[in-house]
Number of protein chains: 4
Amino acid sequence: MKEKIQPRKQPSQTRSRERVEKIISATYALLQEQGLAAVTTVHIAKKAGVSVGSVYQYFPNKKAIFVSLYNEYLKDIRSILDDFDNEPYTSMGWEAFFVSLHSKLSEKENEQNILPELEQAFHLYPEMREVDIDHSNVISERIVNFLSRYDFPGSKEKLTRLSHFIYSINGGFWDFRSKISSKYHGEANGWELAAIMGVLTHYRNSLSNNA
Amino acid sequence: MKEKIQPRKQPSQTRSRERVEKIISATYALLQEQGLAAVTTVHIAKKAGVSVGSVYQYFPNKKAIFVSLYNEYLKDIRSILDDFDNEPYTSMGWEAFFVSLHSKLSEKENEQNILPELEQAFHLYPEMREVDIDHSNVISERIVNFLSRYDFPGSKEKLTRLSHFIYSINGGFWDFRSKISSKYHGEANGWELAAIMGVLTHYRNSLSNNA
Amino acid sequence: MKEKIQPRKQPSQTRSRERVEKIISATYALLQEQGLAAVTTVHIAKKAGVSVGSVYQYFPNKKAIFVSLYNEYLKDIRSILDDFDNEPYTSMGWEAFFVSLHSKLSEKENEQNILPELEQAFHLYPEMREVDIDHSNVISERIVNFLSRYDFPGSKEKLTRLSHFIYSINGGFWDFRSKISSKYHGEANGWELAAIMGVLTHYRNSLSNNA
Amino acid sequence: MKEKIQPRKQPSQTRSRERVEKIISATYALLQEQGLAAVTTVHIAKKAGVSVGSVYQYFPNKKAIFVSLYNEYLKDIRSILDDFDNEPYTSMGWEAFFVSLHSKLSEKENEQNILPELEQAFHLYPEMREVDIDHSNVISERIVNFLSRYDFPGSKEKLTRLSHFIYSINGGFWDFRSKISSKYHGEANGWELAAIMGVLTHYRNSLSNNA
DNA sequence: CATGAATGAGTTTTCATTCAT
DNA sequence: AATGAATGAAAACTCATTCAT
């Protein structure tokens, strides 16, 4: 009974895969150029140079396209986090570690430039929130790992909340970027890092004081 | 050609004003209780206890209702900023000042609880982004004033961007709150402050080092 | 969650009632002239001289229109059965009674001419079968009453099945009528009665023989 | 202009014939298991283990599949009628004859269990009614033959109508069966016979009285 | 011949907006 | 001014049929 929001097929390398790509990137382009309200299945199909029927051949419904688009983006983010998870970065102090992590992630984000509009889509359809939350959780879990490695104090729950918070700073940043000319994104990147470090430092200090 | 999104009239004290209020708060309530998708003009009218026709008597279209609702919220925020603008808070250092400002604003936000859903509404229609940006600008301008008082270095443009960035942290925070149980909002409030202070400190230091 | 198939409102005598009538009779006409496949909401609206929106003002979905159409017809049938239920017809023998009942019902059917196509609609949508079955049940129950009055033997369940069977002869008759020129409907009416009497007589005899 | 609803070819013994069979029985199975609404060409093809393209190799359109399915069923019915036509059953009286005929046909129907759903398919598309009527005619013609053998009075036209009527009782019976548990079908079978005999007896008597 | 991805007209339904009363 | 029924454009989605491979 519950609506699916996963793509219909996992097409391999064939022409099918190309079509899926075309549909996803048409959605991306529309979202970027005309906003969420303009993303109708007919528009997507037209922009992708494909028939509406084809869209539904690969996706059970519109939401599934958004989910795919989001997953596409998150795959890369997760793989970066995985890299940091596996490599023995523990030789450096926590500050250096997070600086390095942030820089890697920003780099990716800059080249991929995922849309704030996509986040909107997630809020528009309640069913999609779950996907969003799942991803937040996965990412937070990773951050918790890093924090634990560096002996950040506090219960697992508290560290999870902290991680969520840090991740949410990034969300705000997306919104910022959509309002400010992209030539200042680099500048703001430094500020984002400062914000994150501000939170982490504050957290460390306040908890060790309590001890 | 361009669609109006300002309310039709600025009715003074009459019954009209009451109706406008009812419509706005019905919209707010719907947004809160049922989410953006449930906010149709018919629902608004029903909830407000007026007819659809009446809604269109006071608002040229649905967007205008969202704009009014947003303005309503921002009025309070602005008035707080105005207070800080007028009072001679310069006796304290900048850190204390921003702590105090943040605390006042958080207090207001907590009692008013503006909705993430409202933010979404703004992103749904591209035309409304302008309104959003206008507001960001007004608020940033105020923050720029404060920064100048305390001799934060940099061009007006740069300070404006910085202010925007600080304001955007708040946007991320909204998203955070929608995902995390409200009993931890207080905790996160402290983190938000830490993030802001992190940015400001970083900014101060980096620029004075450059000099 | 379950879909409604009852009309949205029970409009009184006003203009609304007229519209509902128009929609129902347009549906009826379409069904008759072009067959079930041609009955789309757009066609109904056009034929009724009304907008699609209006159709949905009064009916939650297409099925509900069919249900209303069917109810319209059955109301009269039921009221005839009620009449026979209340009046003291017991003075006559069972044969005379059923002849009289059949004649009253045929009269009504001839002037109302409900469509075999409508029955089809009921088979097309599984949800609507329930409505159909409910009606069959109501009608069979009435017939069971009559049979009991005249001491037809057998369990209530068996009498119910028998009543269903008798009612189903009428369904076959509808199909017959749709194939044969209406000037012979009267003739066939007599045959229908003969068929019914055949079944009833057979039933009586076979059971009393068993005893 | 008029759409074809006859199968594209009359393939003989080859693999082709097998495919046609598979398509027809897949349609039958779908109709039975999931109802008319689920019978899409894609489903049929999948169930038959062939491609959609293949379906269109053998049938010009979907309707033609239903027609073939119906023909398949009627072939058997017709062959039974043919048997009775050729054999010298005239030694028995008409009552015994029709009892015997009814029993043979019921037997076939029970093992073949043609679907009420198929009947619906016929009423869905007006073009298909013709096919339905053709079949009714063929069958009625046979029944007329039997009636003539036994000197049933009346014009050929009248006897044809009577035959149609008798055949239509069977249609009603289908509907009955779809509503009532199959363990009572035998019981109802007897009622069907009684109904038919009722009509025939009535017809004989009324006409001989007129003479 | 066989395949099944691609097509797009057609279907149901929603909802912002208008306008007769 | 107020009402709320009426409007109809537009949205998501389906499926019979075609056609390149």
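Model, not experiment: these values are computed from the prediction. Scope of the values below: all heavy atoms of this structure, side chains included, with no hydrogens, waters or symmetry mates. Just so it is clear: chains get the letters A, B, ... in the order the sequence lines come, proteins before strands, and each one is counted from 1.
Judged as a salt bridge (Lys or Arg N to Asp or Glu O under 4.0 Å), and not counting sequence neighbours, the contacts of K47(C) are E33(C). Every residue was checked against the side-chain hydrogen bond (donor to acceptor under 3.5 Å, both in side chains) condition with Y56(C), not counting sequence neighbours, and none meets it. Listed by chain and residue number, nothing satisfies the side-chain hydrogen bond (donor to acceptor under 3.5 Å, both in side chains) test with T41(B) (two or more places apart in sequence, or in another chain).
The residue among H43(A) and V55(C) whose nearest nucleotide of DNA chain F lies closer to the 5′ end is V55(C). Each of V42(B) and V50(A) has a nearest nucleotide on DNA chain E; the 5'-most of these lies closest to V50(A). In terms of position on DNA chain F, the residue among V39(D) and G49(C) whose nearest nucleotide sits closer to the 5' end is G49(C).
The distance between atom OH of Y58(D) and atom P of dT17(F), rounded to the nearest whole Å, is 18 Å. Rounded to an integer number of Å, the gap from NZ of K46(D) to P of dG4(E) is 10 Å. Going from atom CZ of F66(C) over to atom C1' of dT12(E) covers 13 Å, rounded to whole Å. Rounded to a whole Å, the CD1 atom of I23(B) is 9 Å from the P atom of dA2(F). One atom, OH of Y56(A), and another, C1' of dG10(E), lie 14 Å apart when rounded to the nearest Å. What separates NZ of K62(C) from C1' of dG10(E) is a distance of 12 Å, to the nearest Å. We find that NZ of K63(D) is positioned 14 Å from C1' of dC15(F), with the value rounded to whole Å. Spacing between atom CZ of R17(C) and atom C1' of dA5(F) amounts to 17 Å, rounded to whole angstrom units.
To the nearest 0.5 Å, atoms CG (L74(C)) and CG (L69(C)) are separated by 10.0 Å. For the atom pair Q34(D) CD and H43(D) NE2, the distance stands at 7.0 Å (nearest 0.5 Å). To the nearest 0.5 Å, the span separating OH on Y70(D) from CE on M128(D) amounts to 9.5 Å.
Taking the side chain of Q57(D) as heavy atoms from C-beta on, and the options dT7(F), dA2(E), dT3(F), the nearest nucleotide is dA2(E). Listed nucleotides dT3(E), dT18(F), dA6(F) differ in distance to R19(C); the shortest reach to its side chain belongs to dA6(F). Among the nucleotides dA2(F), dT17(E), dC13(F), the one closest to the side chain of N61(A) is dC13(F). You'll find that the side chain of T41(D) is closest to dT17(F), out of dA12(F), dT12(E), dT17(F).
In this structure, the side chains of I65(A) and V39(A) stay at 4.5 Å or more apart for every pair of heavy atoms. F59(D) is listed as a side-chain neighbour of I24(D), based on a closest heavy-atom distance under 4.5 Å.
Between the D132(C) side chain and the H135(C) main chain, no donor and acceptor come within less than 3.5 Å of each other. Remark: side-chain polar atoms of N61(A) are paired, donor with acceptor, to backbone N or O of A64(A) under 3.5 angstrom.
Of all non-hydrogen atoms in W174(A) and Y73(A), the two that sit nearest each other are CZ2-OH, 3.4 Å.
Taking atom P on both dC1(E) and dT21(F), the two are 22 Å apart, rounded to the nearest angstrom.
Stem analysis of DNA chain F (at least three stacked-register Watson-Crick or G-U pairs, each with both distances under 3.5 Å) gives E:2-21 with F:2-21.
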* **Step-by-step salt bridge (charged side-chain N to carboxylate O under 4.0 Å, His left out) determination, E21(C) to R17(C)** => CA-CA 6 Å; E21(C) 296 292 11; R17(C) 182 67 216 162; 3.1 Å; yes
Under 3.5 Å, which protein N or O atoms sit close to an N or O of nucleotides 8-10 of chain F? Give each pair with its distance.
{"residue": "dG8(F)", "atom": "N7", "partner": "G53(C)", "partner atom": "N", "Å": "3.3"}

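Contacts between residues 30-38 of chain A and DNA chain E, defined by a heavy-atom separation below 4.0 Å, involve no residue at all.
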